[in-house]
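Remember, predicted model here, so these are calculated numbers, not experimental data.
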Amino acid sequence: MARKILAFDPPDRFIAGTIGEPGKRIFHLQAIGGGRAVTVIVEKTQVAVLARRIAEMLKDLGEGSPALRIQASDSPLALDQPQLSEPIDPAFRVGTIALAWDPSVDRLILEFRDDMNEEEASDAPPPINDAPDGPDVLRVSLTVATALAFAEQSLHLAAAGRPPCPNCGVPLDATGHRCARKAAYLN
C-alpha cells in the first residue's frame, strides 16, 4: 500500500493539544507549515513519554557537544497552553513514534506512524525511511530550542489532567473513586 509521508522540515508550529474535559480528553499533535496543517491522535502516555525522551536525548547530545547546550532562558515556556488550530481533522492515530538526531543540520527528527494492525506492522519499513510502502507517517524536524519548548509544554499538558489518588496513583474523578489500596488497608 502506498503511504503518505507528511513532512515538515521545519514546521512553523508544532504542538500537543487536547480536546475535551480532563478524564475524557483526546490528545493530538499538530504540525503547521507551508500553508498546510496535519493533526494526528496520540495517547496521553505517548505525549508524556515523548516529552521525557526528547529532554533525555537532547541532554545526552548536549553533554557531548557544547554547541547543543541550551540555557533554560533560551526555551521560554508560555504560561498558557497553545491551542490546536481549526479545523481539527486527524489524519490517523499514532501507533509508533521514532526519534533521531540529524547531525548534518543539528535537528531532532520525530516520526509518528499510523497505528496499523500486526500483519501490516511486520512488513513496515524501519523508522525514518522513505520506502514507498508502509504506514502513513508524520515527520517533523525540530531545532533544539523548539524541541525543548515542545517537550516542556507537552509535560505540562499531560500533567494538567485529573489529580492522582495519593494511595494508588489512579486519576481521581470529580465524584472520587474506590481506591483498591485504601480498601486493602481497611481489612
Side-chain donor-acceptor distances from residues 18-28 under 3.5 Å, at least two apart:
residue, atom, partner, partner atom, Å
R25, NH1, L157, O, 3.2
H28, ND1, I26, O, 3.2

Set of residues satisfying side-chain contact (heavy atoms from CB on, under 4.5 Å) with respect to [X], sequence neighbours excluded:
X	answer
A147	I54, L58, L108, L142
A55	none
R13	I15, Q30, I32, P82, S85
A7	none

#### Entry: Salt-bridge criterion met for D130 and R139 (N-O under 4.0 Å)
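Salt bridge flag = yes for R139 with D130.
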### Message
Could you measure the distance from the CZ atom of F150 to the CG atom of L29? Nearest 0.5 Å is fine.
### Response
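Answer rounded to 0.5 Å: 5.0 Å.
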### Task
Supply the atom-to-atom distance T143 OG1 to D106 CG, rounded to the nearest 0.5 angstrom.
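If we round to the nearest 0.5 Å, T143:OG1 and D106:CG are 10.0 Å apart.
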Partners passing salt bridge (Lys or Arg N to Asp or Glu O under 4.0 Å) against [X] (at least two apart in sequence or in another chain):
X	value
D12	none
R53	E56
D9	R107

### Task
Spell out, as yes or no, whether a donor-acceptor pair under 3.5 Å connects the side chain of D136 to the backbone of R3.
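Side chain of D136 to backbone of R3, a donor-acceptor pair under 3.5 Å: no, none is there.
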### Message
Using the side chain to side chain donor-acceptor pair (under 3.5 Å) criterion, which residues pair with N129? Sequence neighbours excluded.
### Response
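Not a single residue meets the side chain to side chain donor-acceptor pair (under 3.5 Å) criterion with N129.
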### T45: side chain to side chain donor-acceptor pair (under 3.5 Å) partners, not counting sequence neighbours
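T45 satisfies side chain to side chain donor-acceptor pair (under 3.5 Å) with no residue once adjacent residues are dropped.
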### Query
When clusters are formed from ILVMFWY side-chain contacts under 4.5 Å, directly or step by step, what else is grouped with V49?
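ILVMFWY cluster around V49 holds nothing else.
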### Query
Can you list every pair that meets salt bridge (Lys or Arg N to Asp or Glu O under 4.0 Å) and has a residue in residues 37-51, with sequence neighbours left out?
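Passing the test, one end in residues 37-51: E43-R93.
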